[in-house]
Amino acid sequence: MIQFSNVSKFYDEQIVLKDISFNIEKGDLVYLTGPSGSGKTTLLKLVYRAEHPDDGQILVAGWDVAKLRQKTIPFLRRNVGIVFQDFRLLPNKTVFDNIAIALRIQGLDPRLINEKVNDALNDVGLKHKSHALSQHLSGGEQQRVVIGRAMVSKPTVLLADEPTGNLDVETADIVIKLFKEINARGTTVLIATHNRELFMTSGRRVIFLRDSAIEKDIIP
Amino acid sequence: MIQFSNVSKFYDEQIVLKDISFNIEKGDLVYLTGPSGSGKTTLLKLVYRAEHPDDGQILVAGWDVAKLRQKTIPFLRRNVGIVFQDFRLLPNKTVFDNIAIALRIQGLDPRLINEKVNDALNDVGLKHKSHALSQHLSGGEQQRVVIGRAMVSKPTVLLADEPTGNLDVETADIVIKLFKEINARGTTVLIATHNRELFMTSGRRVIFLRDSAIEKDIIP
Amino acid sequence: MRAFLYSCQIAFKNLVVERWINLLTILSISVGLLLFTSYLTITLNIDTVIKRWGTGFGMVVYLGDGLSMETEESIKELLKQDSDILELKYVSSDEALKELREVLGSRSSILDSMEANPLPSSFELKLKRETLTPIYIEKKAARIKEMTGVEDVQYGEKWLSSLNTISVVMRVIAVLLGAAIFIAIAFITYSTIKVLFYRRKDEIETLKLLGATRSFIKMPFLIEGLFIGGVSGVISALSLFGLYKFTVMKFVEFLPSIRGLLVSLPLEAYIAIPIAGALMSLTGSFFATGRIRY
Amino acid sequence: MRAFLYSCQIAFKNLVVERWINLLTILSISVGLLLFTSYLTITLNIDTVIKRWGTGFGMVVYLGDGLSMETEESIKELLKQDSDILELKYVSSDEALKELREVLGSRSSILDSMEANPLPSSFELKLKRETLTPIYIEKKAARIKEMTGVEDVQYGEKWLSSLNTISVVMRVIAVLLGAAIFIAIAFITYSTIKVLFYRRKDEIETLKLLGATRSFIKMPFLIEGLFIGGVSGVISALSLFGLYKFTVMKFVEFLPSIRGLLVSLPLEAYIAIPIAGALMSLTGSFFATGRIRY
Ligand SMILES: Nc1ncnc2c1ncn2[C@@H]1O[C@H](COP(=O)(O)OP(=O)(O)OP(=O)(O)O)[C@@H](O)[C@H]1O
Ligand SMILES: Nc1ncnc2c1ncn2[C@@H]1O[C@H](COP(=O)(O)OP(=O)(O)OP(=O)(O)O)[C@@H](O)[C@H]1O
Ligand SMILES: [Mg+2]
Ligand SMILES: [Mg+2]
């Protein structure tokens, strides 16, 4: 589902990812970890073509990402749900609208959108904040809105970048359980995180990045 | 140094902080914790007058915060270093400039600024990223810039909101050690965090918020 | 279609959210359009005045003494064939004398002492306004003078060239000023939409990352531009009309003789103002949103 | 002082960073100023032309037949005392006859048959331009006509009122158009700075939280506005001069008789353009940055 073959990425002269290869099968749930600045976010960005690889090939859900035409990129992204590390919420819009926008850009029926968004709000426990502006939310609440938005369109691939950084342990548990449910329904999930508690005892595959390369790739 | 007396805060009709009273002495290092949405950030905002209490009195470093005149607010804030939960970096400015701005607004001598900023960069381990634009940093790097900026002016009070949310364990340790050092030099430090590892074994005072009120206040 | 409706919704929400900037823009564009259309109205008025003066000027063709009726008739026929000549009036020497008497008024007694009428017969011509370039009229006069039986041709040479200069100056200014104002309006539209676009840059970045297509992103801005331009156009059309009515009122009060002389732009022009505004704004928006790259 | 230098630094960095918006603004303001100053130049020229024409019009005071030298002299004295009269020219009946002969040209033989000169002596007056309101001149003419020895007073009534109308129209338009353009420029400046301010809203929020004072936040915008306005002013002053030179060149090529007739704004006005631009922009910036609340 997500296949990297000898991918390298530079920012200016600095190398950020060096000759990365791995293959995540459809239906997998994989953790990605590594110290601050090791390239986790960059790796995720390559998956949804927010960055272009300097070398190598990336296949995502059958798309050859590096060769995608500009016009096709939106359609790749509609198949990829993303929990951004920096949230990227629309500050002046309500929680409801922030989640709904992921469906509106696809031109879905308003009633269907309403239904799906309410489900997502329930999932992340923000039903009561539905009409609050996203800029008036607490850090943890914002993070859950992002998670809701990433899930609501039932994407083929779900990427989550530090999804529990602003969450207390109980809420983090709920979120991880959500990811597992989504994964069980067939979505491929890739979670970048520093939170060792999440993956140490999970019994799932963990990819360790260090110094621009894959240090370890533990497949249980 | 930070004294809350029967402080309450509402957003619209919703109560966020209810009759909060505590007193943090000069030179203390205190943790503030509680579930997502329990009011930690709001409490910190009251300290630096980004929010105005609806009831009660707040004393910070001798200032009666709620009664401060508009013109005086900047001078309160110069005495308070803040690690914002949402970073609030200037995206188009370099790491150096982002830290230096805290001193420039005070009209310091450029050479002195240079010296102090370089010290701060060393402290947070970002010397090598000095000339990078802050929007080109990884999440963890950005968080460290914010920490550097909050410390650089050697404030009387240091407030840190979820300062390790985007950091790996090693870097988090370094940051916490930094806070302790600053604290040892006389700065009063208040850290809001979900990260139990930080405070559970620290032997420091921990204030627990829940449902808009102080649930526990453990003073060792 | 659903996407279009949603775009409209976003556009109007944005119009409300950014109401101050949008209001300022609408006002600026209105003022710009108003300036331009006022200028057109002024030009139209000056042109009308010049036309009125212009047609008042003509040529007098003096005939030789004692010409036969046939010769006079043949000259008349020749002049009639000239399509540049609008009106042709025969003034017999008797009529000319009567006119001179009138001009001299109480002093006309000097004419009584004369034996014969010394004044020649003449044709008074009115020329088509379009042909009033000095060189052209000079040539025509020379040609007419060569006709047999014609003794002299007189016309307001100096006057003609002055009026002609005014007319040319007006037209040149019209083009220069018109172009300048158009450019100014285009700039305002473009820069405002650009700025609105910039202001929502973060939002647009996010939408792009969520899989929004180009048209989804651009559409609200285009609708917004269309709306801003259209509203500005309506405002300036209404203001222009109000200003025209007000000016006419004030002028008539001040100089009653001007009543009925000030002309307004035709109705078509008033209808064209909002359409032109909307199209200009739309074009501005189109370029301002630019090429969206993923 | 250090804060001011730092503000300048920020202002110029921002000018470079936001170069497109700033360029657009500078261009818009330049065009606006250029429009206004072009209009002033045009008005000045039209006014000059009207003045030239206006002084060409005068009054003819016809004297009665057979007046004594003393009476004529006393009339002359009376007219000379009138400060509205610029020039006074005595035309004797003989001179008048000579002029009539010239006018009649080859047909002047009719005059030969007359026994006595039927034409009266007259004074040709030139009036001060400022007094050329139709009503005023009408009154003056009536007053002069009542003087003993004066038989009739003639003056270009119709012409006078036309010219007068043009002049009044020009002035009214000047005020209306001038005000409109000023408002438009003020809007552009204000809205651009407002927008620049909005665009850095997040940054400003952050600065406020870090303890920046109001003046620290506002200063760069004021400097930026001052700079934008000044540069716009310089650009439009230069363009105006270029445009003037170009127009004069083109016109002279087209109508050589116009050489030396087109006037330019005085040097002071050229110097005033950038200053006015800078001040307007500064005012715009000042209001755009508004009252900063913590
Ligand atoms: N747009 C960019 N331009 C230049 N350098 C960049 C850019 N984005 C990231 N980098 C650099 O690339 C390196 C990897 O960044 P990345 O964001 O992938 O790290 P990360 O593993 O996500 O770290 P964190 O855990 O702190 O979020 C960092 O050193 C960062 O400074
Ligand atoms: N500006 C605001 N307007 C309205 N409600 C707000 C505003 N800011 C915060 N809130 C609400 O107040 C409550 C407390 O928010 P606060 O940010 O203080 O929580 P927190 O303890 O910092 O949570 P987290 O750990 O998730 O950051 C939340 O329910 C939040 O939605
Ligand atoms: Mg990252
Ligand atoms: Mg918080």
Side-chain angles (χ1 to χ4, degrees), chain B residues 41 44-45 47-52 63 65 68-94 97-113 133-135 145-146 149-153 155-157 159 161, chain D residues 1-25 192-224 227-228 285-294:
Chain B
T41 302
L44 298 185
K45 281 183 178 167
V47 174
Y48 57 90
R49 247 297 329 247
E51 293 291 351
H52 197 275
W63 315 74
V65 172
L68 235 47
R69 288 176 53 230
Q70 285 277 323
K71 277 192 169 248
T72 334
I73 293 174
F75 302 97
L76 160 72
R77 291 187 184 161
R78 290 181 187 184
N79 287 303
V80 182
I82 312 159
V83 178
F84 300 99
Q85 190 171 12
D86 51 359
F87 300 173
R88 292 193 167 277
L89 290 172
L90 311 179
N92 299 312
K93 294 222 185 316
T94 63
D97 284 341
N98 262 286
I99 296 181
I101 193 77
L103 302 173
R104 285 188 184 138
I105 56 174
Q106 299 187 25
L108 259 68
D109 181 73
R111 267 163 311 177
L112 192 64
I113 290 179
L133 294 184
S134 77
Q135 63 184 346
V145 178
V146 185
R149 182 180 64 187
M151 299 176 351
V152 73
S153 59
T156 322
V157 173
L159 307 175
D161 200 353
Chain D
M1 190 55 210
R2 192 173 286 142
F4 178 74
L5 280 179
Y6 183 65
S7 295
C8 285
Q9 215 176 309
I10 293 181
F12 286 100
K13 213 176 271 172
N14 285 338
L15 279 166
V16 174
V17 170
E18 315 258 14
R19 56 189 167 281
W20 292 116
I21 295 188
N22 286 320
L23 220 68
L24 282 173
T25 310
T192 304
I193 300 287
K194 188 99 207 163
V195 153
L196 288 177
F197 194 73
Y198 270 138
R199 278 192 64 184
R200 276 181 251 143
K201 211 177 174 186
D202 288 346
E203 196 174 325
I204 288 164
E205 255 344 284
T206 303
L207 290 178
K208 275 155 61 179
L209 290 175
L210 294 177
T213 55
R214 282 173 178 160
S215 60
F216 184 90
I217 292 170
K218 284 190 112 172
M219 194 67 79
F221 292 98
L222 299 184
I223 295 170
E224 218 172 318
F227 180 85
I228 288 178
S285 313
F286 187 80
F287 284 106
T289 50
R291 202 169 133 61
I292 289 168
R293 290 197 59 82
Y294 289 96

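Please read these numbers as outputs of a predicted model, since none were measured by experiment. Quick note on labels: first sequence line is chain A, next is B, and so on, each numbered from 1.
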Sort [X] into side chain, backbone, both or neither according to what part of it lies under 4.5 angstrom from a heavy atom of chain B.
{"X": "D/K13", "result": "side chain"}
{"X": "D/R200", "result": "neither"}
{"X": "D/I292", "result": "backbone"}

Segment of [X] engaging chain D (4.5 angstrom heavy-atom cut-off):
{"X": "B/D97", "result": "side chain"}
{"X": "B/D109", "result": "both"}
{"X": "B/L108", "result": "backbone"}

Check whether more than 12 heavy atoms from other residues, nucleotides or ligands sit under 6.0 Å from atom CZ of D/F12, and answer yes or no.
yes

D/F286 atom CZ, over 12 foreign heavy atoms within 6.0 Å:
no

Closest non-hydrogen atom pair, [X] against [Y]:
{"X": "D/T206", "Y": "B/R149", "result": "CG2-NH1, 3.7 Å"}
{"X": "B/R78", "Y": "D/L210", "result": "CG-O, 4.3 Å"}
{"X": "B/R77", "Y": "D/Y294", "result": "NH1-CD2, 3.6 Å"}
{"X": "D/G211", "Y": "B/I105", "result": "C-CD1, 3.6 Å"}

Roughly how far, to the nearest 0.5 Å, is NZ of D/K208 from CD1 of B/I73?
9.5 Å

Highest number of heavy-atom pairs under 4.5 Å with chain B: which of D/L207, D/L209, D/D202, D/V17?
D/L209

